[in-house]
S.K.: 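Supplied in structure tokens, the structure appears directly below.
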Amino acid sequence: WSANGSKYLSDKGEVLERPALGEGDVEVTLTATASYLGGEPATRDFTVTVKAIAEGENPSLLLDLGFDEESLADNSIYSRKVQNVGDVAYVAGVDGKGKAVALNGSTYLNLGTGNKLTPEVLSLSFWIKPNADITGEQIIAWSKGEFKGDGWYLNMCPNANQNVPLGLSVGPANSQPYYIQAVGTAKDFFPAGEWTHVAVTYNSKTKKAMFYRNGIPQKQKVSNENESGVIGTNSNIKVIGSNGEVHKHTGKLNAALDEYQLYNTEFTLEQVVAAYEESGRTLNKQEIAQQDIDALEVPQTAADELTLAGEGESGSVITWESNDPAIVVNGTACTITPPGYGEEDKVVTLTAKAVFAGGTPATKEFPVTVKAKKADFSELENAIQDAADYETADAYTPESYQAFQKALKDAKDVAGNKSSSQEAVDGAVSALEEAIAGLERKADAKPNKAALVRAIESTKGKHEALYTAESWNSMQTALTEANRVNADEDATWDDVDSAKQALEEAVANLIDDLALNLAFEDNLTDGSANAFEVAGNKAVTYADGVDGKGKAVSLDGSAYLNLGTNGKL
């Protein structure tokens, strides 16, 4: 047989495509060629009319197998010829009225070679009832030749991995294709002897997939994410229940199937729930929404930014309202206007409304304390503390010392006023530093040794064992000289300045005697002189550090850090 390259019929008479709604029917010539015992062939042409899509027909429904009347008839507009390979049985369907097909682990269904069964965007919806616990890889749908070729397939428990209940492989690859898998266990995902509704959606352009179990979105993870993930067409036979001709139809399905439908559109949550509820079952949408909203976590306090969840774990759409302009909600982003300096914190009530698949909403209130503006006084307090080194009136000229005293008093006034703005604090710091820099020394006055004494005091917390011998000895030499100058009644200003500067430099130049120094400030950088390369065997996360300011690395029981092979470790 030959269809002369028609895009509407294959050489085997399969309907590949139908003229669009509003277009006319198309006549296709099928040519039969017959020969008897090697003799001269005879031919005959048959005219077949491919009907245009009519009003009310759904061109996006590519395959529709209901299995009622104990039939493999395709109820889509393409009327595909579906054949069983091996004996199939029929059992009571999911709705208790019609029938479902039962595959027994040695049978599968042949769907033909139609390219429409490999759409770039797809939604697959079906009911499945395993005959026993799933203990090895079983194939639900196979629209590929070789596993790493063009097309897609849906499997359960690849390589007998019980922790991958359901996986979708899409597109070509040199090794392993782009693969999305549901998170969970096969036993929980597909209870033996029970009907479970499954919906899978995929979009080649976005590489986004969704898995739904009984109407509820499932968590997922991706493998081989650098592969293209684009579903391409192929001329291979597509099947339900095995992994196709190239792989000799192994991994056969041992389960009953019902209401098996493939679309070239991307289902919404509402469409998935509707497909589930067509069986006569219903979801308590308000209860699911309430579960989603109860699982939300909202910070108890906010200062300058706050982002809220727009979707619940089960797919509920969440919207927010605020009862106070201190927090203005725009979608999931919040604009926060904190109370002014010296004012009280403000408690704002945020109300979340969750709606699952268009059902009755669930609501919950979350109190959030908006922290009032509060200046950081730490730099000012340090500046005031440092200024104590200069409170020696007879060491400086009266005019410069009076300016210093005024700046110090102003700084203390600002520091003592908790309503002071950050601008006022920063200004007080600058003014005090300028006044200290402007102090003019009296040539005949004894030098002020307060700063030198403070430099000496700073060395008391240092421990020799933590530093290299060379840097420690250099610091000790500078410390000895600083102590000598401090005890010298005849020391000059220059002596004091020189000793102070030398000691501060020696302290700053102390070198840690460490083979490895990991601070984990959102990275794995080795801060030791060795600068070893440190890498995680997988992505690691970071948490708050022991000092409450920095970070710490968090290993989850499967991650570790590779420090290399250097013998210094």
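These figures come from a predicted structure and were not determined experimentally.
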S.K.: Examine distances only and state if a side-chain atom of S554 and a backbone atom of T541 form a donor-acceptor pair shorter than 3.5 Å.
M.R.: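 Between the backbone of T541 and the side chain of S554 there is no qualifying donor-acceptor contact (under 3.5 Å).
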
S.K.: Could you tell me which non-hydrogen atom of A478 sits nearest to which non-hydrogen atom of A506, and how far apart they are?
M.R.: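 Minimum heavy-atom separation between A478 and A506: CB-CB, 3.9 Å.
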
S.K.: For residues 166-177, tabulate all N or O donor-acceptor pairs below 3.5 Å that involve a side-chain atom, not counting sequence neighbours.
M.R.:
none

S.K.: For residues 207-221, pull every pair meeting side chain to side chain donor-acceptor pair (under 3.5 Å), keeping only residues two or more places apart or in separate chains.
M.R.: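 Pairs touching residues 207-221 that pass the test: none.
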
S.K.: Within the 4.5 Å heavy-atom criterion, are L563 and F532 side-chain neighbours or not?
M.R.: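 They are not in contact (no side-chain heavy atoms under 4.5 Å apart), so the answer is no.
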
S.K.: Between P338 and K373, which heavy-atom pair has the shortest distance, and what is it?
M.R.: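 Heavy atoms only, the tightest pair is CG-CG, 3.9 Å.
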
S.K.: Flag yes if more than 12 heavy atoms outside K364 fall under 6.0 Å of its NZ atom; otherwise flag no.
M.R.: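 Yes.
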
S.K.: With the side chain counted from C-beta on, respond yes when S125 and H197 share a heavy-atom pair under 4.5 Å apart, and no when they do not.
M.R.: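 Yes - at least one pair of side-chain heavy atoms lies under 4.5 Å apart.
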
S.K.: State, with a plain yes or no, whether a side-chain heavy atom of D526 is found less than 4.5 Å away from one of N517.
M.R.: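 A side-chain contact under 4.5 Å exists here.
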
S.K.: Before giving the answer on side-chain hydrogen bond (donor to acceptor under 3.5 Å, both in side chains), spell out for D494 and T492 the whole-Å C-alpha distance, their side-chain angles and the decisive distance to 0.1 Å.
M.R.: CA-CA 5 Å; D494 288 342; T492 65; 5.1 Å; no

S.K.: Just do the side-chain contact (heavy atoms from CB on, under 4.5 Å) check on V414 and V425 with the steps written out, would you?
M.R.: CA-CA 6 Å; V414 171; V425 170; 4.0 Å; yes

S.K.: Would you confirm whether S204, through its side chain, and I231, through its main-chain N or O, come within 3.5 Å as a donor-acceptor pair?
M.R.: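 Flag set: sc S204 to bb I231 pair under 3.5 Å.
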
S.K.: Would you mind listing every side chain to side chain donor-acceptor pair (under 3.5 Å) that reaches into residues 289-301, with sequence neighbours excluded?
M.R.: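 Only Q290-D294, D292-S314, D292-S316 qualify under side chain to side chain donor-acceptor pair (under 3.5 Å).
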
S.K.: Quick one: list whatever passes side-chain contact (heavy atoms from CB on, under 4.5 Å) with V485, sequence neighbours left out.
M.R.: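 side-chain contact (heavy atoms from CB on, under 4.5 Å) list for V485, sorted by chain: L452, E481, A491, D495, V496, A499.
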
S.K.: So which heavy atom on G215 is nearest to which on L269, and how close?
M.R.: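 Shortest heavy-atom contact: O-CD1, 3.6 Å.
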
S.K.: Is there a side-chain contact (heavy atoms from CB on, under 4.5 Å) between V553 and L518 once you walk through the steps?
M.R.: CA-CA 9 Å; V553 72; L518 301 177; over 6 Å; no

S.K.: Is any side-chain heavy atom of T480 closer than 4.5 Å to a side-chain heavy atom of T477?
M.R.: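 Answer no - side chains too far apart.
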
S.K.: Between the side chain of N509 and the main-chain N/O of E505, is any donor-acceptor distance below 3.5 Å?
M.R.: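 Looks like yes, one N/O pair under 3.5 Å.
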
S.K.: Compare every heavy atom of F377 with every heavy atom of K418, then report the nearest pair and how far apart it is.
M.R.: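 For K418 versus F377, the nearest heavy atoms are CA-CZ, 4.2 Å.
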
S.K.: How long is the straight-line distance from CZ of F404 back to CD of E399, given to the nearest 0.5 Å?
M.R.: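 If I round to the nearest 0.5 Å, the distance is 15.5 Å.
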
S.K.: Considering non-hydrogen atoms only, spot the tightest contact between T201 and S123 and give its length.
M.R.: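 Result for this residue pair: CG2-OG, 3.4 Å.
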
S.K.: What residues form a ring-ring contact (aromatic ring centres under 6.0 Å, His included) with Y179, not counting sequence neighbours?
M.R.: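 Y179: no ring-ring contact (aromatic ring centres under 6.0 Å, His included) contacts found.
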
S.K.: Please determine whether the number of non-hydrogen atoms from other residues, nucleotides or ligands lying under 6.0 Å from atom NZ of K205 exceeds 12.
M.R.: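 Count not over threshold, so no.
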
S.K.: Say you draw a straight line from OG1 of T118 to CG of D150; how long is it, rounded to the nearest 0.5 Å?
M.R.: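 It comes to 8.0 Å.
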
S.K.: Provide the full list of salt bridge (charged side-chain N to carboxylate O under 4.0 Å, His left out) pairs with a residue in residues 549-561, sequence neighbours left out, each pair given once.
M.R.: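 Listed once each, the pairs are K538-D556, D544-K551.
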
S.K.: Is the number of heavy atoms from other residues, nucleotides or ligands under 6.0 Å of E277 CD greater than 12?
M.R.: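 Atom CD in E277 is crowded, with more than 12 foreign heavy atoms closer than 6.0 Å.
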
S.K.: Show which side-chain atoms of residues 346-358 pair as donor or acceptor with protein atoms under 3.5 Å away, not counting sequence neighbours.
M.R.:
none

S.K.: Measure from the side-chain N and O atoms of Q501 to the backbone N and O of S498, and report whether any donor-acceptor pair falls under 3.5 Å.
M.R.: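 Side chain of Q501 to backbone of S498, a donor-acceptor pair under 3.5 Å: no, none is there.
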
S.K.: Walk me through whether L479 and I456 qualify under side-chain contact (heavy atoms from CB on, under 4.5 Å).
M.R.: CA-CA 7 Å; L479 178 60; I456 293 171; 4.0 Å; yes

S.K.: Decide yes or no for F211 and I180: does some side-chain heavy atom of the first lie under 4.5 Å from some side-chain heavy atom of the second?
M.R.: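 Yes - at least one pair of side-chain heavy atoms lies under 4.5 Å apart.
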
S.K.: May I have all residue pairs that pass ring-ring contact (aromatic ring centres under 6.0 Å, His included) and include part of residues 310-351, sequence neighbours excluded?
M.R.: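 Sorted pair list: W320-F366.
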
S.K.: Charged N to carboxylate O below 4.0 Å: is that the case for K446 and E489?
M.R.: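 A salt bridge links K446 with E489.
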
S.K.: Could you tell me whether the side chain of N473 and the main chain of A469 form a donor-acceptor pair under 3.5 Å?
M.R.: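 Checked: pair present.
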
S.K.: Could you note down all residue pairs passing salt bridge (charged side-chain N to carboxylate O under 4.0 Å, His left out) where residues 507-522 supplies at least one of them, sequence neighbours left out?
M.R.: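 Listed by first then second residue: nothing to list.
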
S.K.: Restricting to non-hydrogen atoms, name the atom on P398 and the atom on K442 that form the minimum distance, rounded to 0.1 Å.
M.R.: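 Shortest heavy-atom separation between P398 and K442 comes out as CD-CE, 4.4 Å.
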
S.K.: Less than 4.5 Å apart, side chain to side chain, heavy atoms only: is that true for L524 and Y542?
M.R.: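 A side-chain contact exists here, since the closest heavy-atom pair is under 4.5 Å.
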
S.K.: Mind jotting down which residue pairs meet the side chain to side chain donor-acceptor pair (under 3.5 Å) criterion with at least one end in residues 379-394? Sequence neighbours excluded, please.
M.R.: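 Listed once each, the pairs are D386-R454, D389-R454, T392-N448.
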
S.K.: Quick one: does L503's side chain get under 4.5 Å of T459's, heavy atoms only?
M.R.: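 Touching, per the 4.5 Å side-chain cut-off.
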
S.K.: Enumerate the residue pairs fulfilling side chain to side chain donor-acceptor pair (under 3.5 Å) with a member in residues 323-339, sequence neighbours excluded, ordered by first and then second residue.
M.R.: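 Listed by first then second residue: nothing to list.
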
S.K.: Run L154 and Y202 through side-chain contact (heavy atoms from CB on, under 4.5 Å) and show every step you take.
M.R.: CA-CA 11 Å; L154 186 70; Y202 184 74; over 6 Å; no

S.K.: Any sub-3.5 Å donor-acceptor pair from N537's side-chain atoms to Y560's backbone N or O?
M.R.: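 Here the side-chain-to-backbone pair exists.
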
S.K.: Side-chain contact test, heavy atoms from C-beta onward, threshold under 4.5 Å: evaluate it for V121 versus T265 and give yes or no.
M.R.: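 V121 vs T265: side chains apart.
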
S.K.: Who are the ring-ring contact (aromatic ring centres under 6.0 Å, His included) partners of Y263, not counting sequence neighbours?
M.R.: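 Testing Y263 for ring-ring contact (aromatic ring centres under 6.0 Å, His included), a comparison that skips the adjacent residues, returns F267.
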
S.K.: Can a donor-acceptor pair be found between the side chains of Q422 and D426 at a distance below 3.5 Å?
M.R.: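 Result is yes, a qualifying pair exists.
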
